[in-house]
Amino acid sequence: MSSTLTSPYRVGEGVVHLTITVGDGQLGTSTVMLGTERIASGEAIDVDVGRGLEITGNVLVCTTAVTDILPETNHTSVTYDLTGGLQPRKFIQLEDIDPDGTIVYLAVFTFTQ
């Protein structure tokens, strides 16, 4: 099972920052790529992506695998917080999955002026 989100993100001159949070008490791990360079990976993502003018035109790809570990619910979510651009933006992906299943969330952000 998978879920995909794509969106532009308008940058300015400041440093763009990304935080990824796996919600609902589930277990998840992420990998973040800026173009072909891996800039972060792990359970907790809190990373400076780069200065807006330097990353304009680049694509940020976030892959997060979330596993259902709670017997009470099969709800999963991933929240992406992007700051440092013209406006802070929050993106949320939500899915119910099979008990004890895993879902791969993909988020693709294109940096624009």
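These numbers come from the heavy atoms of this one structure, side chains and all, not from hydrogens, waters or symmetry mates.
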Student check: side-chain heavy atoms of Leu106 and Leu5 closer than 4.5 Å: no
4.5 Å side-chain heavy-atom contact, Gln113 and Val11: yes
Any Arg89 side-chain heavy atom under 4.5 Å of Asp81 side chain: no
Side-chain heavy atoms of Val22 within contact of Ser77, under 4.5 Å: no
Stepwise side chain to side chain contact (heavy atoms under 4.5 Å, CB included) check, Val16 with Leu82: CA-CA 7 Å; Val16 173; Leu82 282 168; 4.0 Å; yes
His17-Asp46 side chain donor-acceptor pair, cut-off 3.5 Å: yes
Residues Leu70, His75; criterion side chain to side chain contact (heavy atoms under 4.5 Å, CB included); working and verdict: CA-CA 9 Å; Leu70 296 178; His75 190 72; over 6 Å; no
Donor-acceptor side-chain pairing of Thr31 and Thr63 below 3.5 angstrom: no
Residues clustered with Leu94, ILVMFWY side-chain links under 4.5 angstrom: Ile92
Side chain to side chain contact (heavy atoms under 4.5 Å, CB included) between Val66 and Thr102, intermediate numbers included: CA-CA 5 Å; Val66 179; Thr102 297; over 6 Å; no
Distance-only polar pair, side chains of Tyr105 and Glu95, donor-acceptor under 3.5 Å: no
Gln93 vs Tyr80 side-chain heavy atoms within contact, under 4.5 Å: yes
Partners passing side-chain contact (heavy atoms from CB on, under 4.5 Å) against Glu54 (at least two apart in sequence or in another chain): Arg51
Non-hydrogen atoms of Leu53 and Glu13 that approach each other most closely: CD1-CG, 3.9 Å
Val32 side chain near Ile45 side chain, heavy-atom distance below 4.5 Å: yes
Distance (rounded to the nearest 0.5 Å) between Glu37 CD and Asn58 CG: 10.0 Å
Thr79 and Thr21: CA distance, side-chain angles, deciding distance, side chain to side chain donor-acceptor pair (under 3.5 Å) verdict: CA-CA 5 Å; Thr79 302; Thr21 306; 5.8 Å; no
Least distance between heavy atoms, Leu18 atom then Cys62 atom: CD2-SG, 3.8 Å
Gap between atom CZ of Phe111 and atom OG1 of Thr56 - 0.5 Å precision: 9.0 Å
Common cluster, Tyr9/Met33, ILVMFWY with side-chain heavy-atom separation under 4.5 Å: no
Between Asp24 and Thr76, a side-chain donor and acceptor under 3.5 Å: no
Pair Thr29, Glu43: side-chain N/O donor-acceptor within cut-off below 3.5 Å: no
Any Ser3 side-chain heavy atom under 4.5 Å of Ile103 side chain: yes
Close side-chain approach of Val108 and Leu60, heavy atoms under 4.5 Å: no
Minimum heavy-atom distance Asp68-Thr73, with the two atoms named: OD1-O, 2.9 Å
Aromatic ring pairing Phe91/Phe109, orientation class (parallel under 30°, perpendicular over 60°, tilted between): tilted
